[in-house]
2 protein chains.
Amino acid sequence: MSRLTRNGDPRAAQTLKAQLRLRQMILDGELSAGERVPELMLVERTGVSRTPIRAALLRLAEEGLLEPADSGGFVVRAFDEADVYDAIDVRGMLEGAAARRAAQRRPSRADLSDLRDCVGAMDAIVARRTLGVEQFLDFVRLNERYHALLVGLAHSPVLTRAVERIVTLPFASPSAFVMAQSELADARRILTLSQEQHRAILEALAAGANERAESVAREHSNLAKHNLHAAAKRDAPLDKIAGGNLIRLRMAAV
Amino acid sequence: MSRLTRNGDPRAAQTLKAQLRLRQMILDGELSAGERVPELMLVERTGVSRTPIRAALLRLAEEGLLEPADSGGFVVRAFDEADVYDAIDVRGMLEGAAARRAAQRRPSRADLSDLRDCVGAMDAIVARRTLGVEQFLDFVRLNERYHALLVGLAHSPVLTRAVERIVTLPFASPSAFVMAQSELADARRILTLSQEQHRAILEALAAGANERAESVAREHSNLAKHNLHAAAKRDAPLDKIAGGNLIRLRMAAV
DNA sequence: TTAACTTAAATTGTATACAATATTGCGGCT
DNA sequence: AGCCGCAATATTGTATACAATTTAAGTTAA
């Protein structure tokens, strides 16, 4: 890399800075759901002027973390339990479709081995004697990579984009479930189960079993749903999920 | 319309104006695919200042009609045949899923009758002695309404939004096929076939036949694909589709 | 006390000025 | 001719000033 200006183009540096900071503020709960986000407050906290702040607000609204207020400006979006399940559900559907197409296309050996590498690395983590925060974060990264690779194998830009849009909601991400139960005793059991599904999808892809690829990928998303449900029943652990503070659960019959 | 824009109020009037005009310019082919879109040119043509122009550019980029240029700014996005089929395919998948869920939920009589009204109105158009541009436009509007209602019946905000995002690409819209063959002699035959599918979906919904609802809704999107394919083979009629100029078809083996 | 009105502050939408970077066209050179 | 500097231009990203509108506070009247 001879040019420093290549990857993080300094042209939109201020906008990017504002965008990242704002997203962090929302996900960390620094701003609570339903709250207005005045531009001047962001100017003060980020040190950039209103123009890039404005661009960042538009982008975050597109991501779905903000929504326009009636009188102008934006408020932090609030989600309820139904939204969460809905998002996971649709993600499962899209990933299922992606898996099916991927299997139909007969992925190359190189692609398959990329996936296998992911699974292997995750296996290594699960096999460890103790699981700390470090390990969880590593697992999350690998898991996200696995899912991104899987979706990419469908070679459908539209599908890929659709999944990306949903996954920007942090609790809809394929790794939300990992953090959701990071304190539960049976964390390892869940990760292991998840890995079995990863492997099953992989096998189905390799075998061109498109039906099976789809159904397993779809079922895989149910793991996330069940886990979040379990977490919700215990009432507390939603804070562990990025953006968990955005979820307004009217805890009730379960 | 998108949830991101407050349409009624005069607060964002300039931005909205710029957004609408720019979209029109792109879809009408006033700007050709791959072309840069300088802000000052838009300032000149729309009469609003750079700030709302900028907002409009961001929004159109989000819609997918523009893409960011390496050196900053935006260019009109170009699509190829594969993109078009891909988009229609994914739309079909999503509408299929929506139809399935709608059937599972057992839509209310009121909802069903809304759909029935659409179909009825479209029937009336198809039954006419002659079909002119007027009739086609009416059919398009009704068809779009039918599809929007159908997707809405799934009661999945995430799914709805995903479809909306895809449909902003004009050639992926459920009505693209209507204009695609507006000059062909067998237009009425196609519309009739389309109506049969509309009716079949409706019946499946009423009967709670979720499998059937899904498969018919899915198949329905293939009609669009086949029609575009036929249109592409004849080489010319793509101009009839809104945004057809954005499609770079490397016409080849068909 | 509460409701309504008035005024001040805050906040957004818009326009414009400025700085940094990209692009273009031209002249000179090999 | 063809290619490389280099200046002139164009274009974007950012900051800030201004106007219109909304929100809030404070005051008065019932």
Side-chain angles (χ1 to χ4, degrees), chain A residues 1-23 25-26 30-32 34-62 65-77, chain B residues 1-23 25-26 30-32 34-62 65-77:
Chain A
M1 303 286 177
S2 52
R3 297 260 183 101
L4 339 155
T5 65
R6 203 63 171 181
N7 39 8
D9 58 44
R11 296 259 292 188
Q14 307 305 309
T15 298
L16 190 62
K17 184 170 155 189
Q19 192 178 340
L20 295 176
R21 178 89 176 85
L22 176 53
R23 179 158 42 209
M25 286 171 68
I26 295 172
E30 212 168 325
L31 273 50
S32 43
E35 190 180 334
R36 246 190 115 98
V37 188
E39 295 172 5
L40 290 177
M41 181 264 278
L42 292 176
V43 167
E44 185 183 280
R45 292 209 211 180
T46 63
V48 309
S49 80
R50 277 186 62 210
T51 308
I53 293 285
R54 216 136 216 291
L57 285 169
L58 277 177
R59 293 230 162 91
L60 272 285
E62 252 313 316
L65 292 177
L66 297 175
E67 62 184 354
D70 298 342
S71 60
F74 297 90
V75 301
V76 179
R77 189 149 158 227
Chain B
M1 279 273 181
S2 125
R3 259 187 306 131
L4 296 176
T5 48
R6 291 168 292 109
N7 281 347
D9 59 4
R11 297 256 292 186
Q14 305 306 308
T15 298
L16 190 61
K17 183 171 157 190
Q19 191 177 343
L20 294 177
R21 179 88 175 85
L22 176 54
R23 179 159 41 211
M25 285 171 69
I26 296 172
E30 211 168 327
L31 273 49
S32 44
E35 189 179 336
R36 245 189 116 99
V37 188
E39 295 172 5
L40 289 177
M41 180 264 276
L42 294 176
V43 167
E44 184 183 280
R45 292 210 211 178
T46 63
V48 309
S49 81
R50 276 186 63 212
T51 307
I53 293 283
R54 216 134 215 290
L57 286 169
L58 278 177
R59 293 229 164 93
L60 273 285
E62 261 311 321
L65 292 177
L66 297 176
E67 63 186 352
D70 297 344
S71 60
F74 297 90
V75 303
V76 179
R77 189 146 160 232

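Throughout, a chain's letter reflects where its sequence line sits, starting with A, and its residues are numbered from 1. A quick note: this is a predicted structure, and the numbers were derived from the prediction, not measured.
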Phosphate oxygens OP1/OP2 of C:dA15: is one of them under 4.0 Å from a side-chain N or O of B:S49? yes
Working for side chain to side chain contact (heavy atoms under 4.5 Å, CB included), residues A:R77 and A:L66: CA-CA 5 Å; A:R77 189 149 158 227; A:L66 297 175; 5.9 Å; no
For the student: nearest non-hydrogen atoms of A:S49 and A:V43, plus distance: C-CG2, 4.1 Å
Whole-Å gap separating P (C:dT16) and CD1 (B:I53): 13 Å
Among D:dA17, C:dT11, D:dT12, which nucleotide has an atom closest to any side-chain atom of A:R50? D:dA17
Paired with B:Q19, the side chain to side chain contact (heavy atoms under 4.5 Å, CB included) test is passed by just one of B:T46, B:L60, B:I53, namely B:L60
Return no unless some side-chain N or O of A:S71 is found under 4.0 Å from OP1 or OP2 of D:dT23. yes
Shortest non-hydrogen separation from B:E39 to B:R54 and the atoms involved: OE2-NE, 3.0 Å
B:E44 CD to D:dT11 C1', straight-line distance once rounded to whole Å: 14 Å
Name the closest nucleotide to the A:R36 side chain, picking from C:dT11, D:dT12, C:dA15. C:dT11
Side-chain N or O of B:T15 less than 4.0 angstrom from OP1 or OP2 on C:dG13? no
Tell me the interatomic distance from A:E39, atom CD, to D:dT23, atom P, rounded to whole angstroms. 14 Å
Report the nucleotide, chosen from C:dT16, C:dG13, D:dT11, that has the shortest atom-to-atom distance to any side-chain atom of B:P38. D:dT11
With the side chain of B:Q14 defined as its heavy atoms from C-beta on, choose the nearest nucleotide among C:dT14, C:dG13, D:dT16. C:dT14
A:L40 side chain: which of D:dT14, C:dT11, D:dG13 is closest? C:dT11
Between D:dT12 atom P and A:R54 atom CZ, what is the distance in whole Å? 19 Å
